[in-house]
Amino acid sequence: MYAFLRGKIVHAESTSVVLDCNGVGYELQTSLNTSSLLKVDSKQDVTLFVYLQVKEDSLTFYGFKTILEKEVFKLLVSVSGIGGNTARSILSSLSPTEIRHSIVNQDIYPIKSCKGIGLKTAQRLCIELKDKMISLPEGNVQEVQLHSNPLKDEVIKALEVLGYTKRSTEKIVDRLVRTNSELQTPDIVKLALNKL
């Protein structure tokens, strides 16, 4: 139903964030891995992939930094006895790539070391999810840029209109935007042209 949410983080804790999406605040439960990459910033938009867990008495949003993390989460909660909080705990202890690698290789010990996971549960995860994990992409595929910068995007688009490729301008523009954030798009375009 929901694929992702984009907005500004107005509150962050170790395993949750509140994302302001055009005046609507969504509380997202997150893994420690995702939370460590996020910070409260009223100027930067953040994109998080989301999963909505529906129960009789609650609706819970989970937020993820990558599609891979979301897909691993969905596979984990598909196993009987693994709820959203347990899956989030596993993703807080291991990266999605490490989880995928452990399950594909039937290595139960990294998973067993996660809080709330015993030997039998780790074995069940490895048996039930091996084939499904094999079909997932490798770890660094489908990473999402968490912090979108509208000013940087505008400058790059303006330079593309002038015939420069994004690849050739991105690093220069990134550096200029970080050091001259008070300037407007035309001013940064001029600075970039002097360096290209």
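Heavy-atom basis, side chains included; hydrogens, waters and symmetry copies ignored. When a residue number appears, it is its place in the shown sequence, counting from 1. Computed from a prediction, not measured in an experiment: that's the story for all the values here.
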Item to complete: With the side chain counted from C-beta on, respond yes when Leu176 and Val155 share a heavy-atom pair under 4.5 Å apart, and no when they do not.
Response: no

Worksheet item: Quick check: does any side chain N or O of Asp107 sit under 3.5 Å from a backbone N or O of His101, one acting as donor and the other as acceptor?
Response: no

Discussion item. How close do Cys126 and Ser102 get, counting heavy atoms only, and between which atoms?
Written reply: SG-O, 4.3 Å

Worksheet item: Taking C-beta and beyond as the side chain, do Leu76 and Leu129 meet within less than 4.5 Å on heavy atoms?
Response: yes

Fill in: Lys112 side chain vs Ile117 backbone, donor-acceptor pair below 3.5 Å
no

Practice prompt. Hey, could you give me the CG/NZ distance between Asp45 and Lys8, rounded to the nearest 0.5 Å?
Written response: 3.5 Å

Worksheet entry | Ile99 reachable from Ile127 in the ILVMFWY side-chain graph, under 4.5 Å edges | no

Worksheet item: Do the non-hydrogen side-chain atoms of Leu191 and Leu183 ever get within less than 4.5 Å of each other?
Response: yes

Item to complete: Would you indicate whether the side-chain heavy atoms of Leu159 and Ser168 approach each other to under 4.5 Å?
Response: no

Worksheet, complete the sentence: Taken to the nearest 0.5 Å, the spacing of Glu154 CD from Ile188 CD1 works out to 9.5 Å

Worksheet item: Using links of under 4.5 Å between side-chain heavy atoms of ILVMFWY residues, direct or through other members, which residues join Leu32 in one cluster?
Response: none

Practice prompt. Applying ring pair (Phe, Tyr, Trp, His ring centres under 6.0 Å), name anything that partners Tyr62, two or more places apart in sequence or on another chain.
Written response: Phe73

Worksheet item: Are Ile103 and Leu75 side-chain neighbours, meaning at least one heavy-atom pair lies under 4.5 Å?
Response: no

Worksheet item: Which pairs, with at least one residue in residues 14-48 and sequence neighbours excluded, count as a ring-ring contact (aromatic ring centres under 6.0 Å, His included)?
Response: Tyr26-Phe61

Worksheet item: Has the side chain of Thr30 got a donor or acceptor atom that lies under 3.5 Å from a matching backbone atom of Gly63?
Response: no

Item to complete: Spell out, yes or no, whether Val50 and Val18 are grouped together once hydrophobic residues are joined by side-chain heavy atoms under 4.5 Å, including indirect joins.
Response: no

Worksheet entry | Residue pair Ile9 / Lys39, side-chain heavy-atom distance below 4.5 Å | no

Worksheet, complete the sentence: What one should report as the nearest heavy-atom pair of Ser92 and Ser31 is OG-CA, 3.4 Å

Fill in: Glu69 side chain vs Lys65 backbone, donor-acceptor pair below 3.5 Å
yes

Worksheet entry | salt_bridge(Lys74, Glu71) N-O dist < 4.0 Å | yes

Return all side-chain donor-acceptor pairs below 3.5 angstrom for residues 81-90, not counting sequence neighbours, or 'none' if the list is empty.
unit_1: Asn85; atom_1: OD1; unit_2: Arg88; atom_2: NH2; d: 3.2
unit_1: Arg88; atom_1: NH1; unit_2: Thr15; atom_2: O; d: 3.0
unit_1: Arg88; atom_1: NH1; unit_2: Gln29; atom_2: OE1; d: 2.7

Practice prompt. If a pair satisfies salt bridge (Lys or Arg N to Asp or Glu O under 4.0 Å) and one of its residues is in residues 23-36, list it, with sequence neighbours excluded.
Written response: none

Item to complete: Nearest 0.5 Å please: distance from the CG atom of Asn22 over to the CZ atom of Arg6.
Response: 10.5 Å

Item to complete: Provide the closest heavy-atom pair for Tyr164 versus Leu193 in the form atom of the first, atom of the second, distance.
Response: CE1-CD2, 3.5 Å

Worksheet item: If Ile, Leu, Val, Met, Phe, Trp and Tyr residues are connected whenever their side-chain heavy atoms lie under 4.5 Å apart, and connections chain through other members, are Leu28 and Leu59 in the same group?
Response: yes

Worksheet item: Atom OG1 in Thr185, atom CD1 in Ile156: separation rounded to 0.5 Å?
Response: 11.5 Å

Worksheet entry | Any Thr47 side-chain heavy atom under 4.5 Å of Leu5 side chain | no

Worksheet entry | Flag side-chain contact, heavy atom, 4.5 Å: Lys130 against Ile134 | yes

Worksheet item: In the hydrophobic clustering that connects Ile, Leu, Val, Met, Phe, Trp and Tyr at side-chain heavy-atom distances below 4.5 Å, which members other than Tyr109 occupy its cluster, ordered by chain and number?
Response: Ile108, Leu119

Worksheet item: Taking a hydrophobic cluster as the set of Ile, Leu, Val, Met, Phe, Trp and Tyr residues connected by side-chain heavy atoms closer than 4.5 Å, whether directly or through intermediates, do Val17 and Val10 fall within one such cluster?
Response: no

Worksheet item: Rounded to the nearest 0.5 Å, how far apart are CD1 of Ile111 and CD of Glu98?
Response: 10.5 Å

Discussion item. Rounded to the nearest 0.5 Å, what separates atom OH in Tyr2 from atom CG in Leu52?
Written reply: 6.5 Å

Worksheet item: What is the minimum heavy-atom distance between Leu91 and Pro96, and which atoms define it?
Response: CD2-CG, 4.0 Å

